[in-house]
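Below, chains carry the letters A, B, ... as their sequence lines are ordered, and counting in each starts from 1. Note that this is a predicted model, so its numbers are computed, not measured.
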2 protein chains.
Amino acid sequence: MIDYDGCFSSAARTMQASAIRKMGGLGGRVSDLISFAPGFPAPELFAWEEFRDVAQSVLSGSDPSVLQYGSTRGYGPLVEALAQILSERGIAATPEEILVTTGSQQALDLTARVFIDPGSVVLVELPTYTGGITAFNNAQATLVGVGQDSDGIDLEDLDRVTVRERAAGRRIAFLYVVPNFQNPTGLLMSLEKRQRLLEWAARRNVLIIEDDPYGALYFDDVAAAGDTRPIKADDRDGRVVYLSSFSKTVAPGFRVAWVAAPTAITAKLEVAKQAADLCTGGLDQRIVYEVWKRGVLTARLPKLRSHYQEQRTVMTRALRRELGNLVSWPEPKGGFFLWAAFPERVNTDALLTRALARAVVYVAGSAFYVDGRSSNLARLAFSAPSAARIEEGVRRLAAAVREELDVSTSSVLATPGAPGRPASP
Amino acid sequence: MIDYDGCFSSAARTMQASAIRKMGGLGGRVSDLISFAPGFPAPELFAWEEFRDVAQSVLSGSDPSVLQYGSTRGYGPLVEALAQILSERGIAATPEEILVTTGSQQALDLTARVFIDPGSVVLVELPTYTGGITAFNNAQATLVGVGQDSDGIDLEDLDRVTVRERAAGRRIAFLYVVPNFQNPTGLLMSLEKRQRLLEWAARRNVLIIEDDPYGALYFDDVAAAGDTRPIKADDRDGRVVYLSSFSKTVAPGFRVAWVAAPTAITAKLEVAKQAADLCTGGLDQRIVYEVWKRGVLTARLPKLRSHYQEQRTVMTRALRRELGNLVSWPEPKGGFFLWAAFPERVNTDALLTRALARAVVYVAGSAFYVDGRSSNLARLAFSAPSAARIEEGVRRLAAAVREELDVSTSSVLATPGAPGRPASP
């Protein structure tokens, strides 16, 4: 028998499976499961008819390059389109500064490989997106968390942490932030804070990786397009690497996303991508391009925004009704997620067992914290289930929470002086 | 101005662009270029009509999972189909041992990350596939070359190199081989040598990465299906990681390939893939699966084989006619490539300038050697150009070779005693 453990690289030995992906695998095993776990877009909003139309025309065979190996940089017309899409977001980027990636996850991975040496520090928000955590971890980064305020990253904590890490002789590879409707908190970084963050980055000479999958999906009742202006739009120094994606606005099955960065960085990411997968799928890129070119994408955005806004309303009302003040959250102004805080003695890792017994699932807050904390927090994705399923899922979740509270109360009563299960902030 | 060089990881600083991809970029810049450079399949053989049919049905919208985030492991029915395809090649693999990848390049990349520590030795054939070289290089492997005989890798050299590297205290991550119609040489490893290689690997406890993109494309006039039996088929110990792809048999634009390996390895590759791109494209996987399920793939294979066989014949006849005994090659028994050897004083790196001036291009042998050698060798891909273009391309190439020979002869004559440009074997 071969000792496979002995065969693996040290990076492989510390690789961790994604907590969200694990939750995603439960669907088939729990009957009638309602899942608030993965950030899936609503498939009934996909432009199926237009996809069929486009597929017919691009698969005519008249352009053989559609299914041939393509340029690593990306399908030319799509790259040009991205320059225009970026320009509408306030970002001036030439085609040389743009790279198409196989989903934003690949952009995170390439970024990790191009900037991180084993032991390099990557600064992340507390909490932050698990896909970033796994990509940076796999490159053997040391992930260091920075607190958040209601308007985004805590700049004082950021500076304190940066000074501390550098004083300890560690190299800071970059800061990773998700300013628009952050995953998992749904927080929107204020425009003023974005400016101050850029000034701070210049002063401390730190690169910023800005991940923006949700910017186009703001909720009209509490936010506007102007609130989502990317940090990259005001990046005069060329220290921001901007990531965005069509997964939430067209469909994730196409695996088409992109990076905009200074040419020196884009060129390096391109070389890394050559070895990672040669090129992004040709059919996928053409479908996304044609959907954009025909105006389908732009026309659908208001529908997507109002749909997800309504989903959020359904979830927040159901939570208030079912749990009253046993739950609170920062108001999501866009995106897919609600960051729920239960009473402190509810540990959401422990609660999962009860929730699963009632056929509802979420992602426990611990998945998003790089400091190892367990907590009373949970990410609830309201994007994919129907309104009726959201209502029912929240009822199940509320029952699980009340049960957990009953048990923890009685166990405290039964064992005088024993603390409830500790929960971090 | 930011010092980007100072921002990059040490891995990024040594990343090298693929020589083949560079050649691929010339098409737009040289008018009427005939390219023998990239190993492109012939797009007129793609099943365009069936792709359109399948796209219509899978994009009906009745199955929303088509365009949703998918399982990292791969689309379930496709994984089951792969088990059957593997079984037809003599490989018994359960679905748990199979992972769908975004092209074989991703499989090479994941393999690199899972097995290679910086400085680990990867044993490769001299010459070997550039995509393997770049993936292993990016993981900071030390690539060590092993000679080849006409029937594949030189087992004595392999053992000598292995003993030498281990004696020097270096860890051997794996041996990388392409037994069927090797890229770039077109060589077919004999069945007897495959057995001896397996025995050697067991004796020396070395993992084997077997890359098999071309096995289904043998040429009936000189080979048979039985000659392509994968090494993995006889792997009783679980020390072979087998890679294959639909890029050459369906179309590369779909980016669908796979790995078969012991479950402990597949599980690790899957975790690495989560962070690399979450999942392979959903539409791409379904089209490939449906094409297989409908029998289109199996029915087309004989056509593909006879087409590429005819392409080979056109190229070999043209070379013989245009260059006589100024060129030789090992007979390609399948695949896409002819490995041409010109007279020793023709250096194929230098020849490229003359070839480009005549609007023909190939990949110089130096791209495939990890020992830095330049040589009189070139990889000529006969897979994509039409017969007429192959004829014309060979005429242009022959003219370039004759010109180079004239110049090197006259320069030797003009400078008595001065050697011609040295060429390695």
With B:Arg13 via side-chain hydrogen bond (donor to acceptor under 3.5 Å, both in side chains) - residues at least two apart | none
To the nearest 0.5 angstrom, please state how far the CD atom of B:Glu50 sits from the CG atom of A:Leu59.
-> 11.5 Å
Do you know which of A:Ala264, A:Pro43, A:Ala251, A:Ala276 has the most heavy-atom pairs with chain B at a distance under 4.5 angstrom?
-> A:Ala276
If you tally heavy-atom pairs under 4.5 Å between each of B:Gln285, B:Arg171, B:Glu44 and chain A, the highest tally belongs to B:Arg171
How about A:Glu49: does its CD atom have over 12 heavy atoms from other parts shown lying under 6.0 Å from it?
-> no
How long is the span from the OG atom in B:Ser60 to the CZ atom in A:Phe51, to the nearest 0.5 Å?
-> 13.0 Å
Check each atom of B:Arg286 against the heavy atoms of chain A and say whether the ones under 4.5 Å are side chain, backbone, both or neither.
-> neither
Side-chain donor or acceptor of A:Gln105 paired with backbone N/O of B:Ala275 under 3.5 Å | yes
Nearest heavy-atom contact between A:Ala55 and B:Ala55 is CB-CB, 4.0 Å
Can you tell me if CD on A:Gln16 sees more than 12 non-hydrogen neighbours from other groups inside 6.0 Å?
-> no
With a 4.5 angstrom heavy-atom cut-off, which part of B:Ile287 approaches chain A: side chain, backbone, both or neither?
-> side chain
A:Thr280 versus chain B, the contacting section by heavy-atom distance below 4.5 Å = backbone
Write down the atom of B:Tyr69, the atom of A:Gly39, and the distance for their closest heavy-atom approach.
-> CE1-O, 3.9 Å
Minimal heavy-atom distance between A:Gln56 and B:Gln56, with the atoms involved, is NE2-NE2, 2.8 Å
Do B:Asp117 and A:Ser10 have side-chain atoms, one donor and one acceptor, less than 3.5 Å apart?
-> yes
Could you state the interatomic distance from CG (B:Leu278) to CG (A:Leu108), rounded to the nearest 0.5 Å?
-> 9.0 Å
Straight-line distance of B:Asp277 CG to A:Thr101 OG1, nearest 0.5 Å = 10.0 Å
Closest heavy-atom pair, A:Val271 versus B:Met15, reported as atoms and distance to 0.1 Å, is CG1-CB, 3.8 Å
Test: A:Lys268 cationic atom under 6.0 Å from B:Phe8 six-membered ring centre, within 45° of axis = yes
Can you name the nearest heavy-atom pair linking B:Leu283 to A:Phe254, along with the distance?
-> CD2-CE2, 3.8 Å
Pairing residues for B:Phe246 by the ring-ring contact (aromatic ring centres under 6.0 Å, His included) criterion, not counting sequence neighbours = B:Trp258
Does the A:Ser9 side chain pair with the main chain of B:Val114, one donor and one acceptor, at a distance under 3.5 Å?
-> yes
Could you tell me which of A:Ala12, A:Ala257, A:Pro252 has the largest number of non-hydrogen atom pairs under 4.5 Å with chain B?
-> A:Pro252
Under 3.5 Å, is there a donor-acceptor pair between the side chain of A:Gln68 and the main chain of B:Pro41?
-> yes
Counting heavy-atom pairs under 4.5 Å with chain A, the top scorer among B:Ile265, B:Leu207, B:Leu110 is B:Ile265
Nearest 0.5 Å please: distance from the CG atom of B:Asp284 over to the CG atom of A:Leu67.
-> 8.5 Å
Salt bridge (charged side-chain N to carboxylate O under 4.0 Å, His left out) between B:Asp109 and A:Arg113: does it pass, once the steps are laid out?
-> CA-CA 12 Å; B:Asp109 187 52; A:Arg113 300 173 76 169; 2.8 Å; yes
Taking every heavy atom of B:Pro64 against every heavy atom of A:Trp48, the minimum-distance pair comes out as CA-CZ2, 3.9 Å
Select one option (side chain, backbone, both, neither) describing which atoms of A:Phe46 are under 4.5 Å from chain B's heavy atoms.
-> side chain
With rounding to the nearest 0.5 Å, note down the distance linking CZ in A:Arg239 to SG in B:Cys7.
-> 8.0 Å
Note: vs chain B, highest number of non-hydrogen pairs under 4.5 angstrom among A:Gly238, A:Gly103, A:Ala11, A:Ala135 is A:Gly238
